[in-house]
2 protein chains.
Amino acid sequence: MSVESWALRRTLTYVQVSVKAPEATADRILDVAERLVQTRGFHGFSYGDVASELGITRAALHYHYRGKDELGAALIERYHSRFRARLDEIASESASALERLRDYAGIYRSVFADGRMCLCGMLAAEFDTLDEPLGRALLSFFDTNYGWLASVLDEGREAGDLQLTADSRATAELMVSTLEGAMLLNRPSSNLGRFDDVIARLLDQLVA
Amino acid sequence: MSVESWALRRTLTYVQVSVKAPEATADRILDVAERLVQTRGFHGFSYGDVASELGITRAALHYHYRGKDELGAALIERYHSRFRARLDEIASESASALERLRDYAGIYRSVFADGRMCLCGMLAAEFDTLDEPLGRALLSFFDTNYGWLASVLDEGREAGDLQLTADSRATAELMVSTLEGAMLLNRPSSNLGRFDDVIARLLDQLVA
DNA sequence: GTCTATACAGCGATAGAC
DNA sequence: GTCTATCGCTGTATAGAC
């Protein structure tokens, strides 16, 4: 390869990097592990599964994440942070409280449509087997959800858009429970229509 | 110990046996494994855990249940059969549809109060890792639930006790989703009060 | 029906070469 | 940053004695 073409290649590569950074191994590990946790559970996959899918060895995984617990913590952290970012987006782009709730449910819908269980819902099932930092991170995720939903519900009530028959926080928890439960039970049959029904009825209750 | 007291003991033991049979090893295995699945998930415990708790060896377990899949199938079968029996009881002892629904929710409540997740809810989360017979048994369990609930809802509507805004089957599925979701999310914090709230609001919706 | 003994694959994890 | 090699442990499973 000539010096010129090498320089060109290098430039092109650099340009590509500046447009969309090639995913670092640490992130690709999270991508694979995330999908495996969401479909098989935290104890339903191994370092070997992740490594073979990425074409690296188990030892390489340990370089990026010391152990499975650390990997789990990183998974929750990234999931939580993305979720928060999406909630901010919804808050900034949706006008009415009802629209925000619909968009919120849409997050769960897209996870379900992808054949996955909510990462944190899955981990909640396995809660007794998680170490303490993981458990705390999990509760924190749901706390974010409840808090965000409750404030949207309060706004909707004040604006007269929504009718709440109970405490907004309790209603928020009921909504998340229903969404998580619907994912849990409809995933085996991949019944997206049924999942949509649940969302529709959940929202109907608030405007009835 | 005298011959008389020994005979007495023996008689008493026999009487006790005739009243309540001493649990066979196969059943004690199911008891332990059931609790482990409900608290840790199907992949969150091992034959070693069950064996050590019962004071027997792993090899002895294999005599009763050839493998973990077979054990899982036996667990679902017993759980399903007990559930069906309880549903029959409720149908025969509860007068109104609303009472039956309350009793139905009470089944879930007692499981939750015992610090457990619903066996089949837990397995639903791990659905992708289960072999085909297990998956079918799982769907069959939920089908029993939906069918029973739907018929109670229909009776309640005809009797004028309940107000349904949608198809009874869809309502039944929504109810189970909500109960399973509430178990899933409140178990980490062992929040029984919150679980009771969910039940109360679920039933309120049907009479509102 | 339960045991000992054993097999063997897979697990998470570490050390050290490259 | 990834590899090979290896560790100790645990996993499910089987054979054969008692």
Side-chain angles (χ1 to χ4, degrees), chain A residues 10 13-14 17 21-37 39-76 122-123 126 128-135 137, chain B residues 13 17 21-37 39-76 78 122-123 126 128-135:
Chain A
R10 193 156 187 272
T13 303
Y14 179 76
V17 165
E23 220 175 6
T25 302
D27 289 324
R28 295 197 302 141
I29 292 171
L30 290 185
D31 292 340
V32 173
E34 186 177 71
R35 196 193 68 246
L36 288 171
V37 173
T39 51
R40 304 179 56 87
F42 193 69
H43 300 291
F45 78 102
S46 71
Y47 262 41
D49 296 328
V50 179
S52 73
E53 190 162 334
L54 291 175
I56 60 178
T57 61
R58 275 166 291 162
L61 253 72
H62 281 282
Y63 169 79
H64 295 282
Y65 301 98
R66 194 171 311 187
K68 219 180 173 186
D69 288 333
E70 213 164 283
L71 174 59
L75 284 173
I76 297 182
M122 182 66 89
L123 292 174
E126 300 173 294
D128 285 8
T129 69
L130 306 177
D131 70 359
E132 200 253 338
L134 240 59
Chain B
T13 302
V17 165
E23 220 174 6
T25 302
D27 289 324
R28 296 197 301 141
I29 291 171
L30 289 184
D31 292 339
V32 172
E34 185 176 71
R35 197 193 66 248
L36 288 171
V37 173
T39 52
R40 306 180 54 89
F42 193 69
H43 301 291
F45 77 101
S46 70
Y47 262 39
D49 296 329
V50 180
S52 73
E53 190 163 334
L54 291 175
I56 61 177
T57 61
R58 276 163 291 165
L61 251 72
H62 281 282
Y63 169 78
H64 296 281
Y65 302 98
R66 194 174 312 192
K68 221 182 171 186
D69 288 334
E70 213 164 284
L71 174 59
L75 284 174
I76 297 182
R78 192 179 72 163
M122 181 67 88
L123 291 174
E126 300 173 293
D128 285 7
T129 70
L130 306 178
D131 69 359
E132 200 252 337
L134 240 60

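To the nearest 0.5 Å, atoms CG (A/Leu75) and CD (A/Glu70) are separated by 11.5 Å. Here the straight-line distance linking atom CZ of B/Arg40 with atom CG of B/Asp49 works out to 6.5 Å at 0.5 Å rounding. Between the CG atom of A/Leu134 and the OG1 atom of A/Thr129 there is a distance of 8.5 Å, given to the nearest 0.5 Å. Atom OH of B/Tyr65 sits about 3.0 Å away from atom CG of B/Leu30, to the nearest 0.5 Å. Residue B/Ile29 holds its CD1 atom at 13.5 Å from CD of B/Glu34, rounded to the nearest 0.5 Å. Distance check, rounded to the nearest 0.5 Å: CG of B/Asp69 to CG of B/Asp131 gives 4.0 Å.
Stacking of A/Lys68 on the aromatic ring of A/Tyr47 is not recorded, the 6.0 Å distance cut-off and the 45° axial limit not both being met.
When rounded to the nearest whole Å, the span between CG of A/Leu61 and P of D/dT2 equals 10 Å.
Of the side-chain N and O atoms in B/His43, none sit less than 4.0 angstrom from OP1 or OP2 of D/dG11. Side-chain N/O atoms of B/Tyr63 include one lying less than 4.0 angstrom from OP1 or OP2 on C/dG1.
One axis for each end of the helix from C/dG1-D/dC18 to C/dC18-D/dG1, each built from five base pairs, and the angle between them comes to 10° at 10° resolution.
Using a 4.0 Å cut-off between charged side-chain N and carboxylate O, A/Glu53 and A/Arg35 make a salt bridge.
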Strictly under 4.0 angstrom, non-hydrogen atoms only: write out the protein contact profile of nucleotides 5-18 of chain C, one letter per nucleotide from the 5' end, B, S or -.
B-----BBBBB---

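Here the nucleotide nearest the side chain of A/Thr57, chosen from D/dG1, C/dT2, D/dC3, is D/dC3.
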